[in-house]
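Bear in mind that the values here come from a model prediction, so they are computed numbers and not experimental data.
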Amino acid sequence: MEILKCNGIEKVFGKDGNQVTALNGISLSIEKGEFVAIIGASGSGKSTLLHILGSVDKPTRGTVTIDGVDLNGLNATNAAIFRRRKVGLVYQFYNLIPTLTAEKNILMPMLLDKRKPNPDYFKMVVKTLGIEDKLESLPDQLSGGQQQRVAIARSLIYRPAILFADEPTGNLDQKNSKEIIDLLKLSNRNLKQTILLITHDEKIALEAGRIVTIEDGQIVSDQKRR
Amino acid sequence: MWKDYSKSYIKNNHASSISIMSAALIATMFLSLLCSIAYNFWVYDVEQIILDEGSWQGRIVCETLSPDDLSMLCQFANVEKAVINEELSKKEKIVADVYFNNTRTVYRDMPLIAARLGLNEDSIQYNSLLLSRYFIHDPDDATPPMLLTMYLVILVIVAVSLILIIRGSFELSMNARIHQFGIFSSIGATPRQIRTCLLQEAVVLSILPMLFGSMFGILISYGVIKAVNFFASDVSGRHQAVFQYHPSIFAVTVFISFLTVIFSAWIPARKLGRMTPLEAIRNTSGLLLKKTKHSRFLSYIFGIKGELAGNALKAQKKSLRISTLSLLLSFLGFSIMVCFTTLANISTRYTYFERYQDVWDIMITLKDTEILDFGLTNELQDISKIQDATVYQKAKSVTFLPEELQSDELSSLGGLEPVAGTPKTDGQFQVPVLVVALDDTSFLNFCSQIGITPSLDGAIVLNQIWDSINSNFRYKEYIPFVKEDNQATTLYKNDKTLDIPVLSYTRTSPVLREEYDNYALVHFIPLTMWNKTLMEVCEAGPDSYIRILSNGTANLADLNSLEQEIVQLVPEQYEIESENRIQERLSNDSLIQGMVMILGAFCILLAIIGIADVFSNTLGFLSQRKREFAQYMSIGLTPQEMRKMFYIEAFVIAGKPLLITLPLTILFVQFATTASYLDPVVFWSEAPVLPILIFAAAIVLFVGLAYYIGGKRLLQCNLNETLRNDTLI
């Protein structure tokens, strides 16, 4: 089942004479349950693509459909609700709310919807991520690895259609990096979570089932590993 | 979201919350103060008008008004009551005061009433002064109701400045949190949820400060009214102001403040709502310059630190706008006010106290009294403590002068035409005449003073006219008005004429506390000549005056006791008003002091707003500028150097109002001294340098303190952490 489809995505930054084309006609399709890594050098356009797919940015041209919803047709409010329910985002710099505890940070997408989480699922997620004893801590009381686990937990709490991870290990040491990738693989395997991982590290990309390579805003290769 | 996020944010970010709360408190206090004072001034004004004019709204003035007419008048639907004004009604005219139930329709009802009574519209009078205070204006009057417009303009200006103050605080708080709201947005918070959260936060943070601010404003306005009463207690003709407050003022103040808070929070909230999550997440809240700017002056003096500080100030320009403006206005206002007061003092001293200090000690005004009816002149002149007492009354008339009678000096300066207008067909100029009737003893003394044989058989003409070409009003020079050939002056009023013999012409006036019209021919006559025939060609003023000069060097106690003695001597049937030179001087000083205190307090209030804004900025920038200073540190700036940067910024913020104000104040003084023909040297020798310096020092001190505290707190943070850990953003 196709969970993500994008067609002819273009993204141009700047105006008049100072235009820079970050993405130039990207088309991509991802099936439910896939673990895809997008790899590319710095400035190749991979993060821009992820932001567009995650509906936090809009393409200059082209269409994106996630779980049957055309992102171009969403206004700001509907896009936010869509992000809340259908998309999980994990950033390199965690992006946690510094004044909220880890638990509140994780639950925030549900709280925004005035919904209560399934306690079993919540317990399972925090246990899997190994942060059950850190729930009352504030983000700056946690290590980088722990903060990233909280961010992953937050992205999984709504059981999103797809999880986007933008260089999730970029700010972590080797041990923590491995653990985070293992956790993503675990959630892909156990929860059938579709994952799109952005990285510039080929070793990390090799952990994914499919590797898409981007250069100068274009897909130059798309390989399935299994 | 409110419960989960805002509460914890408020709890963990005291500086930002305090900044918003103080902005709301100060802004509401200012608004409440202004509304309360405006209301009290309005009430006082209405009371004063009622005391002076009465509380009637319409008035009928006619020759006859029968009891039936009066009862018909009272039966008009909107008429509350109608009463004959006994005081103003004379034989030939009846005056009826009309009071209405609904005063808004006075201008519509009065003509109808007059028509019903068979009177024309000339018989109607309106208490338009009082009505205008209730914002009721004659619909036929084309001029706009200025007072109402003025109140509205003031209210709008204040409300806008309040919005700016509060908005400044909210903007700071928002800017520091754009990144966080970006995160919220990226995990699915809708723009509406973010807006609602911010508005809820604004209301929760501002509600108590708004209530307290309103109350503080009321308390301060109470103090202002007390101060006005204290400083103006000796001013004659003034009634005591009683502090009053109306619940609707409170409601209006809180309502406007509430709207202001909502609006102030809504502006940045809307801005935030329009950002894409990506823009918001990428916002690191640092200071950004939109264009390349060079702080040449600062970099020339302080090197690279000056350049960095200058750029930081330019990047903060928007958020520092309120503080810059309020500091500038307060210092400029204060400097100009104290300079103006000094100038006013010098001017009053020259034109009033010094000019008249030897001619009177006590002045008594006998209200509505003909000089002929006053029979105590001799008794007054016999009081041992009195050196000299003159009783006099003034009257106006006109005479006609042929061109050949004007003095040679006047002819050489252009003659009578420029001052008396076009001559009549027979070539004669109409010249105003002021007749001053002196009691006989004083008149005889005046004869002796000017060296003529004392006589009560004619007038003495003050033969002088102001030479406005060769002198200014402050240092007047006079030339002879007429040739001294005429042995009599003919006075005219309507078709009546009267010749009054002239005893002599003089350039000396008797010692009276009077400033005569510049182009009038003043005639001093003895009381003996003040008879019915003379009255027919003159229009006498309603009051008579007694000018008293005491024996020896008078002090306040002596004059007070003498004043008391004189007041007791004058029977109760006379309505009198007495003034005492020293007391008047003290009252004048006290009035000016009061004015300085009240206006000074406003300036200080403005300065407080400015300084509070600087404090809120410097304390608020803690999180905003952490990254900026971490970057400086990473390239090797020492804490001392960073501290120096703060001092440069403080120096610029405090120095700018001072540098702008000083030349403007000098220009103002130059303009004012020129316009009032005062010698600038006199002003500069008395210039209020000390208060201006103290005010300037206070501004520098407090801005320096704000930066000292802000800088110290910033440098105490672990800036290394900031560079790699973004959770602090």
Only distances under 3.5 Å count here; give the side-chain donor-acceptor pairs of residues 119-136 of chain A to other protein atoms, sequence neighbours excluded, each with its distance to 0.1 Å.
| from | atom 1 | to | atom 2 | distance (Å) |
| --- | --- | --- | --- | --- |
| Tyr121(A) | OH | Leu156(A) | O | 2.8 |
| Thr128(A) | OG1 | Met124(A) | O | 2.5 |

Inter-residue atom distance Ile183(B).CD1 - Leu100(A).CG, 0.5 Å rounding: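 Output value for this atom pair is 10.0 Å.
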Close approach to chain B in residues 73-92 of chain A, criterion heavy atom under 4.5 Å: Ala76(A), Thr77(A), Ala80(A), Ile81(A), Arg83(A), Arg84(A), Leu89(A), Tyr91(A)
Leu96(A) side chain reached by Gln180(B) side chain, heavy atoms, under 4.5 Å: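 The answer is no, as the side chains (C-beta and beyond) never meet within the 4.5 Å cut-off.
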Atom [atom1] of [X]: over 12 foreign heavy atoms under 6.0 Å:
{"X": "Lys178(A)", "atom1": "NZ", "value": "no"}
{"X": "Gln19(A)", "atom1": "CD", "value": "yes"}
{"X": "Asp216(A)", "atom1": "CG", "value": "no"}

Heavy-atom closest pair, residues Leu112(A) and Phe184(B):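 Closest heavy-atom pair between Leu112(A) and Phe184(B): CD1-O, 4.4 Å.
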